Protein chains: 2
Amino acid sequence: MAQSATSHEGIGLDQMLCFAIYSTNGAFNRAYRPILDPLGLTYPQYLVLLALGEADEMTVGAIGARVFLESNTLTPLLKRLEAAGHIARRRDAADERQVRVSLTPQGRALLHDACAVTEDMAVSLRLSREQAEALRGAIVTLRDTLNTLSANRDG
Amino acid sequence: MAQSATSHEGIGLDQMLCFAIYSTNGAFNRAYRPILDPLGLTYPQYLVLLALGEADEMTVGAIGARVFLESNTLTPLLKRLEAAGHIARRRDAADERQVRVSLTPQGRALLHDACAVTEDMAVSLRLSREQAEALRGAIVTLRDTLNTLSANRDG
DNA sequence: AACGATTAGATCGTGTGCGATGTAAACCGG
DNA sequence: CCGGTTTACATCGCACACGATCTAATCGTT
């Protein structure tokens with residue numbers, strides 16, 4: 001990937017790992033949309049609900065650390081989930097700076113439904129559990145390398 | 001990935017291949033930003049320039065097929081690249097419906113610079129050429145499976 | 001030649017993402 | 001206990017990304 005195979009230009013799209021990730025992310029979005037749309041959810045909203053399913057009463061910052069997003073993205077997203085009745089937001093009594101987010105019963109039920117349909121799609125990927133796990137592990141390792149690079153730049 | 005390991009909920013974020021892809025895509029964006037920002041480019045703009053580097057005088061549709069985007073995303077992006085002087089857009093004389101996009105000399109020089117810095121980052125990923133190629137191939141296969149799923153749904 | 005169907009781009013509205021900045025609460029050294 | 005710093009979240013502006021829709025050009029059939 002670091003060196004050119006063709007004559008005219010430095011890098012071709014097809015040799016780039018980042019484009020493979022970029023385009024596959026788009027493909028996942030397109031695949032999930034027809035599943036999530038009838039439920040009234042976007043893909044990032046679904047990820048946030050999954051995070052809350054793992055640990056309820058999280059702060060905005062904790063959710064952000066889990067899904068790699070900041071408050072500037074999460075605050076409007078959470079407000080939409082709240083308006084839809086899927087979550088509740090309230091200031092922490094002990095530290096008024098923090099906002100605690102919790103699933104409503106309706107949100108928990110929705111998450112349950114979304115997970116069920118999602119598991120069907122996992123089967124459609126045509127990967128064995130071992131293949132999927134090996135691939136996932138390699139990708140996450142790459143992600144962590146990238147995050148370390150960015151963190152080192154910021155100091 | 002298709003079956004639950006935990007007791008309380010269906011799926012955990014950490015077992016999901018789609019979240020690995022999603023979060024790694026974000027990590028790539030964050031890693032490329034400090035490289036591309038000084039050049040006045042966004043990451044999708046860079047991908048489009050790369051596509052034009054491979055084949056100049058492409059139509060909007062051809063670019064879209066290459067980077068998996070539609071005209072609703074590409075038209076404004078191309079207008080910004082045009083306003084910056086990196087590309088030229090003109091209607092095809094033979095078929096006035098089509099718009100031909102070409103790199104200006106300035107755009108070609110910019111692409112050259114961007115590629116150079118990008119190759120440095122490829123080294124930082126700490127993957128051998130063989131590892132990177134194997135990983136890229138597996139991800140692209142997954143992408144193609146997903147795209148086939150979506151295409152079959154549309155008919 | 002004529003006209004309905006198809007195709008290529010463009011436009012619009014909504015929802016992310018994120019850098020930069022704002023605001024209020026909590027912390028902390030003196 | 002007080003003023004400066006840090007922290008947590010919110011706000012704003014810009015740039016994707018995409019479904020839905022529009023317009024203009026081309027094609028196909030008669």
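Residue numbering restarts at 1 for every chain, and letters A, B, ... go by the order of the sequence lines. Bear in mind the structure is a predicted one, so any value in this text is a computation, not a measurement.
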Enumerate the protein-to-nucleotides 7-14 of chain C contacts in which both atoms are nitrogen or oxygen and the separation is below 3.5 Å.
unit_1 : atom_1 : unit_2  : atom_2 : d
C/dT7  : O2     : B/Arg97 : NH1    : 3.1
C/dG9  : OP1    : B/Val60 : N      : 3.3
C/dG9  : OP1    : B/Val99 : N      : 3.3
C/dG9  : OP2    : B/Gly61 : N      : 2.9
C/dA10 : OP1    : B/Arg89 : NH1    : 3.1
C/dA10 : OP2    : B/Thr75 : OG1    : 2.5
C/dA10 : N7     : B/Ser71 : OG     : 2.8
C/dT11 : OP2    : B/Lys79 : NZ     : 2.6

Within-4.5 Å side-chain heavy-atom neighbours: [X] and [Y]:
X: B/Thr141; Y: A/Leu127; answer: no
X: B/Glu57; Y: B/Arg90; answer: yes
X: A/Phe19; Y: B/Phe68; answer: yes

For a quick test of reading the model: is some side-chain N or O of [X] closer than 4.0 Å to OP1 or OP2 of [N]?
X: B/Arg33; N: C/dC18; result: no
X: A/Gln45; N: C/dG15; result: no
X: B/Tyr22; N: C/dG17; result: yes

Heavy-atom closest pair, residues [X] and [Y]:
X: A/Ala20; Y: B/Val140; result: CB-CG2, 3.9 Å
X: A/Leu47; Y: A/Val67; result: O-CG1, 4.2 Å
X: A/Pro44; Y: A/Leu77; result: CB-CD1, 3.8 Å

Interatomic distance, B/Arg126 atom CZ to A/Leu142 atom CG [nearest 0.5 angstrom]
13.0 Å

DNA chain D: 5'-most and 3'-most nucleotides touching chain B, 4.0 angstrom heavy-atom criterion:
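The protein-touched segment is D/dA15 to D/dT26.
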
Between B/Pro44 and B/Glu96, name the one whose nearest nucleotide on DNA chain D is closer to the 5' end.
B/Pro44

Tell me: CG of B/Asn25 to C1' of C/dG17, nearest whole Å?
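Whole-Å distance recorded here is 11 Å.
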
CG of A/Leu69 versus P of C/dC18: gap in Å, rounded?
6 Å

By nearest heavy atom, map A/Asp92 and A/Glu70 onto DNA chain C; which one lands nearer the 5' end?
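First, find each residue's nearest nucleotide; the 5'-ward one identifies A/Glu70.
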
Do A/Arg143 and B/Ser23 have side-chain N/O donor and acceptor atoms under 3.5 Å apart?
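Yes, a side-chain donor-acceptor pair sits under 3.5 Å.
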
